[in-house]
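Being a predicted model, the structure only gives us computed values, none of them experimental. Heavy atoms only: backbone and side chains are in, while hydrogens, waters and symmetry mates are out.
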Amino acid sequence: YNCQSLTEITIPPTTKNIGEEAFYGCTSLKHVTIPTSVKSIGRSAFKNCTSLTEVEIPMIESLEGSTFEGCTSLHEINIPDSVIYIREYVFYKCTSLEEIKISKSARLIGDSAFRCCSSLKEVEIPNSITKIEKETFRGCTSLTLVKIPDSVKYIGDYSFKECSSLADVTFPSSLSHLGPFSFQLC
């Protein structure tokens, strides 16, 4: 927590859990190697690790709230197919994040999960998602393309608000709810 001089971490292969806020605010941390033995990563574990550029997520089931929030140097992330739950604020304010590959098994993408990822250009939402929560992509000002599958029935409030580069959206025929201000200021 708040280790200012820590630049790299290799977590031992015997580790099963990374606790809540374990590396929160380690602003010099650039690279972390997480072994496949890790089955859970706690809430805010890497929050505000502003120099973190690279992380490989192991085969876990859930990305807890704010796990990588404020990691402003993170450029791309591959969310493995084992991840079912992408909780709230996981990548909030990851302003350098340009590319994400969302797990094909994901059932939940939480509130504000990718909010203010201002460098994010494209998103393909997997067929396993039925609901886009509130403010999920709000403030993604570089977002030009969003692929919303027919499985989506619900788009929450402010979901794509302030996505000022968004040029084209095709709504699925299955859509039954489009929340207020979902595309305001696009």
Side-chain angles (χ1 to χ4, degrees), residues 1-126 128-129 133 135-144 165:
Y1 185 91
N2 281 334
C3 273
Q4 304 302 310
S5 58
L6 188 62
T7 60
E8 191 169 323
I9 305 166
T10 300
I11 297 170
T14 54
T15 307
K16 296 202 183 321
N17 304 304
I18 297 173
E20 189 172 300
E21 297 184 8
F23 300 102
Y24 183 119
C26 294
T27 56
S28 298
L29 184 61
K30 291 181 182 177
H31 179 78
V32 60
T33 302
I34 303 172
T36 56
S37 61
V38 171
K39 300 302 175 206
S40 70
I41 300 173
R43 183 175 193 79
S44 303
F46 297 97
K47 183 176 180 178
N48 292 334
C49 291
T50 54
S51 297
L52 189 62
T53 58
E54 187 179 350
V55 65
E56 191 169 319
I57 299 170
M59 300 297 276
I60 58 175
E61 188 174 284
S62 180
L63 283 171
E64 296 305 319
S66 301
T67 304
F68 297 102
E69 179 180 331
C71 292
T72 55
S73 297
L74 198 57
H75 289 279
E76 72 176 81
I77 198 83
N78 183 13
I79 301 169
D81 285 339
S82 62
V83 175
I84 297 171
Y85 306 106
I86 301 168
R87 304 285 183 192
E88 69 284 345
Y89 296 95
V90 171
F91 298 102
Y92 177 50
K93 292 185 181 176
C94 289
T95 54
S96 296
L97 190 60
E98 295 176 7
E99 187 178 335
I100 53 165
K101 289 187 176 93
I102 299 173
S103 163
K104 292 177 183 154
S105 304
R107 286 190 231 141
L108 170 79
I109 301 174
D111 297 354
S112 301
F114 298 99
R115 184 175 173 187
C116 295
C117 291
S118 54
S119 297
L120 190 60
K121 293 174 178 41
E122 292 183 12
V123 172
E124 185 170 349
I125 297 166
S128 53
I129 298 293
E133 299 287 342
E135 301 184 289
T136 301
F137 297 100
R138 182 178 180 171
C140 293
T141 54
S142 297
L143 194 61
T144 58
S165 298

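Remark: side-chain polar atoms of Ser82 are paired, donor with acceptor, to backbone N or O of Ile60 under 3.5 angstrom. Listed for the Ser142 side chain is a donor-acceptor partner under 3.5 Å among the backbone atoms of Ser118. The closest donor-acceptor contact from the side chain of Ser37 to the backbone of Thr15 lies under 3.5 Å. Between the side chain of Ser28 and the backbone N or O of Gln4, at least one donor-acceptor pair lies under 3.5 Å. For the pair Asp111 (side chain) and Glu88 (backbone), a donor-acceptor distance under 3.5 Å is absent.
With sequence neighbours excluded, no residue satisfies side chain to side chain donor-acceptor pair (under 3.5 Å) with Ser73. With sequence neighbours excluded, no residue forms a side chain to side chain donor-acceptor pair (under 3.5 Å) with Glu56.
Looking at Tyr24, Phe46, Phe114 one by one, the single match for ring-ring contact (aromatic ring centres under 6.0 Å, His included) with Phe68 turns out to be Phe46.
Between Leu120 and Cys140, the shortest heavy-atom distance links the atoms CD2-SG, 4.4 Å. Between Arg87 and Ala113, the shortest heavy-atom distance links the atoms O-CB, 3.9 Å. The two residues Cys117 and Leu97 come nearest to each other via the heavy atoms SG-CD2, 4.2 Å. When every heavy atom of Pro126 is checked against every heavy atom of Lys104, the shortest pair comes out as CB-CA, 4.0 Å. For the residue pair Glu135 and Arg115, the shortest heavy atom distance occurs at OE2-NH1, 3.4 Å. Of all non-hydrogen atoms in Pro12 and Pro35, the two that sit nearest each other are O-CG, 3.3 Å.
Within the 4.5 Å cutoff, side-chain heavy atoms of Ile41 are placed close to those of Ile34. The side-chain heavy atoms of Val55 and Ile77, taken from C-beta on, include a pair separated by under 4.5 Å. Contact of the Leu143 side chain with the Ser165 side chain is not registered, since no non-hydrogen atoms from C-beta on lie closer than 4.5 Å.
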request  = Kindly indicate, with the supporting measurements, whether the criterion salt bridge (Lys or Arg N to Asp or Glu O under 4.0 Å) is fulfilled by Lys47 and Glu69.
outcome  = CA-CA 5 Å; Lys47 183 176 180 178; Glu69 179 180 331; 3.7 Å; yes
query = Glu133 and Leu108: side-chain contact (heavy atoms from CB on, under 4.5 Å), yes or no, with the steps?
reply = CA-CA 8 Å; Glu133 299 287 342; Leu108 170 79; 3.6 Å; yes
task = Check the pair Ser105 / Ser128 against side-chain contact (heavy atoms from CB on, under 4.5 Å), numbers first and verdict last.
result = CA-CA 6 Å; Ser105 304; Ser128 53; 5.6 Å; no
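We find the CG-OG distance between Leu29 and Ser5 to be 10.5 Å, quoted to the nearest 0.5 Å. Of the inter-residue distances, the one linking Glu98 atom CD with Leu74 atom CG reads 10.5 Å to the nearest 0.5 angstrom. A distance of 14.0 Å separates OG of Ser62 from NZ of Lys39, quoted to the nearest 0.5 Å. Interatomic distance, Leu52 CG to Thr27 OG1, rounded to the nearest 0.5 Å: 11.5 Å. Considering CD1 of Ile86 and CD1 of Ile109, their distance stands at 5.0 Å, rounded to 0.5 Å. Here Glu124 contributes atom CD and Ile129 contributes atom CD1; the two are 12.0 Å apart, rounded to the nearest 0.5 Å.
Side-chain contact annotation: Glu8 with Thr10, donor-acceptor N/O pair under 3.5 Å absent. In summary, the side chains of Ser40 and Asn17 do present a donor paired with an acceptor at a separation below 3.5 Å, with no hydrogens or angles considered.
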